[in-house]
Amino acid sequence: MAEDSFLTDDLLRQLISVGEVDLLVGIPSLNNSATIGPSVEAIEESFQASFPRQRVVIVNVDGGSNDGTSDVFLNAGLRRNGGGSRGLTSLRTEHRVVASIDHPSPANMLRTIAATGDLLRARACAVISGATPNVSADWVANLLQPVYRQDFDFVAPLYARQRFDGLLARTLLYPMNRAIFGKRIRELPSSEFAFSGRLASNCANQDCWHQAPIQDSPQAWMAVTAITSDYRCCQSFLGPKTRPPAGSQPDIVTAIRQAVGGLFWCIDSNESYWSAHSSSEAITTFGPDHQLTDESVNVNLDRALELFRSGVAELAPILKTILSPDTYAEIQRLAALGDKNMSFENALWVRTLYDFAASYHHTLLNRDHLVQSLVPLYRGKIYSFFLKHASSSPDDIEADSENLCLEFERQKAHLVERWKVRTEVTK
């Protein structure tokens, strides 16, 4: 049973009235009144169509919304369902619970959902972001069914993406996670995923939730915990994911600080696991393992190149500390090239990231500053990616992504070598 001392008395009283359940869907939210209602209705529809006899609960973990998000959550679909959430839906009672938390970090929200699932002995739990605008009943079923009916412990989502969407995952998070931890899970981190009651209990009871990288990126940490603890992992195709409104997503500096910082922390914390694995393996996938579309996208490439060059110049003393001499020299050469000749090749990109991960391990400087120093180099990689693939087909982009993944696997020995040798900070 998960430690429940951090759960509020109000939440515990609500859970006592719910009793044990088979399925739980958690919705983290913060000022999501415009999107949470349709999500609740989609969850209810999925329960009725795919799980008509199971005991179910929907838990809204709200971080202090001031737009009535939880009221919308409690009342969504009631008129259509004739009394809905606390009445008879199909052949079983469905419950809704609101958990209000004072410190709404992603980790505190996920831990609340995991601990709630453990306390209610849920067999399968899913997380659906309150900010996601196009949740469907099929999404919910596709996340829950592999856990509930096929005994998987962690389910990552797969989405249909525009060919230039999700580039942080495509060029960094997926290939590096795959090479380090040996499982080909494409979407880490993500705002939609599912996990078993077994994994919920394991994670809810761990004492590392206070760590800053987990506070920012708990889903990726949960996935790595599942991988390194030999839980059964899979991924399930959900379909297209609508982009949230402009301004609602973190900027690239914040995204890298959170996602890459979380990845580096997981690498640092699991050396004994990944150092014993030298290759990657496919995992069970329900539906296609990728889907790219051809829609156009507007990107200010001149600005990306300018920020790459200025960042390399301004951060030169820090980059010289982080990178091996050969890698640093190559980055400097790259920054001096003309606009059309700038090609950030996969081999250099992989060495760069492995140097960063090793320097993170050795704590050569403040870890948060170290991770943020990667931002201008990522901008350079993205500029190079757009330059290379301006006219590429989705199949060509996928083939190049696979080559990048294989390059990460080929160069893993470089990480091991750098991991063992501490580079002294340049005075």
Side-chain angles (χ1 to χ4, degrees), residues 25 39 42-43 45-46 49-50 124 126-129 132-179 181-196 219-220 222-223 226-227 231-244 259 279-297 346 385 388-389 391-409:
V25 176
S39 294
I43 294 166
E45 181 183 345
S46 182
S50 301
V127 176
I128 301 288
S129 170
T132 301
N134 64 314
V135 176
S136 72
D138 287 343
W139 278 30
V140 181
N142 289 347
L143 290 172
L144 287 172
Q145 284 177 341
V147 179
Y148 188 73
R149 297 203 163 102
Q150 300 188 55
D151 210 30
F152 284 94
D153 292 293
F154 185 83
V155 185
L158 291 165
Y159 303 107
R161 290 190 179 275
Q162 194 274 341
R163 61 189 176 133
F164 293 129
D165 192 20
L167 292 184
L168 182 59
R170 178 172 292 277
T171 62
L172 196 163
L173 299 174
Y174 169 53
M176 196 168 187
N177 266 301
R178 167 176 157 171
F181 296 110
K183 303 291 184 184
R184 299 176 188 175
I185 301 177
R186 286 180 173 258
E187 296 281 350
L188 292 178
S190 177
S191 52
E192 286 81 37
F193 55 101
F195 50 91
S196 67
Q219 184 263 1
M222 177 179 273
I227 292 169
Y231 287 95
R232 298 183 69 217
C233 299
C234 69
Q235 49 195 357
S236 184
F237 185 76
L238 304 186
K241 183 172 183 176
T242 302
R243 279 179 167 270
S279 61
S280 70
E281 62 182 20
I283 63 170
T284 299
T285 298
F286 298 96
D289 68 356
H290 70 278
Q291 191 174 104
L292 295 179
T293 61
D294 275 321
E295 295 102 315
S296 61
V297 62
N346 287 345
F385 184 94
K388 180 178 182 179
H389 291 298
S391 302
S392 295
S393 68
D395 287 343
D396 290 338
I397 292 176
E398 180 60 24
D400 186 54
S401 297
E402 179 62 19
N403 287 335
L404 177 59
C405 291
L406 295 175
E407 188 65 33
F408 268 98
E409 294 182 23

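None of these values were measured; they are calculated from a predicted model.
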- Message: Would the distance check show the side chain of S46 and the main-chain N or O of A141 forming a donor-acceptor pair, the cut-off being under 3.5 Å?
- Response: yes
- Message: So which atom in L168 and which in A259 form the shortest heavy-atom distance, rounded to 0.1 Å?
- Response: CD2-CB, 4.3 Å
- Message: Quick one: does any side-chain atom of D153 pair with a main-chain N or O of A226 as donor and acceptor, under 3.5 Å?
- Response: no
- Note on the structure: CG of L172 to CG of N177, rounded to nearest 0.5 Å, is 9.0 Å
- Note on the structure: Interatomic distance, CZ@F181 vs SG@C233, rounded to 0.5 Å, equals 12.0 Å
- Query: Hey, does L292 have a side-chain heavy atom less than 4.5 Å from the side chain of S393?
  - Reply: no
- Query: Is the closest side-chain donor-acceptor distance between Q162 and T293 under 3.5 Å?
  - Reply: no
- Kindly compute the distance separating OG (S236) from CD (E192), expressed to the nearest 0.5 Å. 12.0 Å
- Query: What distance separates L144 CG from F152 CZ, expressed to the nearest 0.5 Å?
  - Reply: 14.5 Å
- Message: Nearest 0.5 angstrom please: I283 CD1 to Q235 CD, how far?
- Response: 4.0 Å
- With side chains defined as the heavy atoms from C-beta onward, is the minimum distance between F154 and Q219 less than 4.5 Å? yes
- Message: Minimum heavy-atom separation for A169 and P175, please, with both atom names.
- Response: O-CD, 3.4 Å
- Task: Quick one: list whatever passes salt bridge (Lys or Arg N to Asp or Glu O under 4.0 Å) with R178, sequence neighbours left out.
- Result: E402, E409
- Message: Run the salt bridge (Lys or Arg N to Asp or Glu O under 4.0 Å) test against D151 and tell me which residues pass, sequence neighbours left out.
- Response: R198
- What are the two closest non-hydrogen atoms of A179 and F408, and how far apart are they? CB-CB, 3.6 Å
- Task: Quick one: do N346 and D400 satisfy side chain to side chain contact (heavy atoms under 4.5 Å, CB included)? Show the steps, please.
- Result: CA-CA 9 Å; N346 287 345; D400 186 54; 3.9 Å; yes
- Please name the pair of heavy atoms, one in I185 and one in L188, separated by the smallest distance, quoted to 0.1 Å. CG2-CG, 3.7 Å
- Run the salt bridge (Lys or Arg N to Asp or Glu O under 4.0 Å) check on E187 and K241 step by step: do they pass? CA-CA 12 Å; E187 296 281 350; K241 183 172 183 176; over 6 Å; no
- Of all heavy-atom pairs linking S392 and R163, the shortest is O-NH1, 2.5 Å
- Decide whether Y159 and S190 meet the rule of one side-chain donor and one side-chain acceptor closer than 3.5 Å. yes
- Query: Do R184 and E281 pass the salt bridge (Lys or Arg N to Asp or Glu O under 4.0 Å) test, and can you show the C-alpha distance, the side-chain angles, and the key distance before you say yes or no?
  - Reply: CA-CA 6 Å; R184 299 176 188 175; E281 62 182 20; over 6 Å; no
- Side chain S136, main chain N134, donor-acceptor under 3.5 Å: no
- Query: If you measure from CD on Q150 to SG on C234, what distance do you get to the nearest 0.5 Å?
  - Reply: 7.5 Å
- Query: How close do F237 and A160 get, heavy atom to heavy atom, and via which atoms?
  - Reply: CE1-N, 3.7 Å
- Query: Side chains of L143 and L238: closer than 4.5 Å at any heavy-atom pair?
  - Reply: yes
- S39 side-chain N/O to V135 backbone N/O, donor-acceptor pair under 3.5 Å: no
- Just do the side chain to side chain contact (heavy atoms under 4.5 Å, CB included) check on F286 and L158 with the steps written out, would you? CA-CA 9 Å; F286 298 96; L158 291 165; over 6 Å; no
- Can you name the residues that form a salt bridge (Lys or Arg N to Asp or Glu O under 4.0 Å) with E398, not counting sequence neighbours? R170, R186
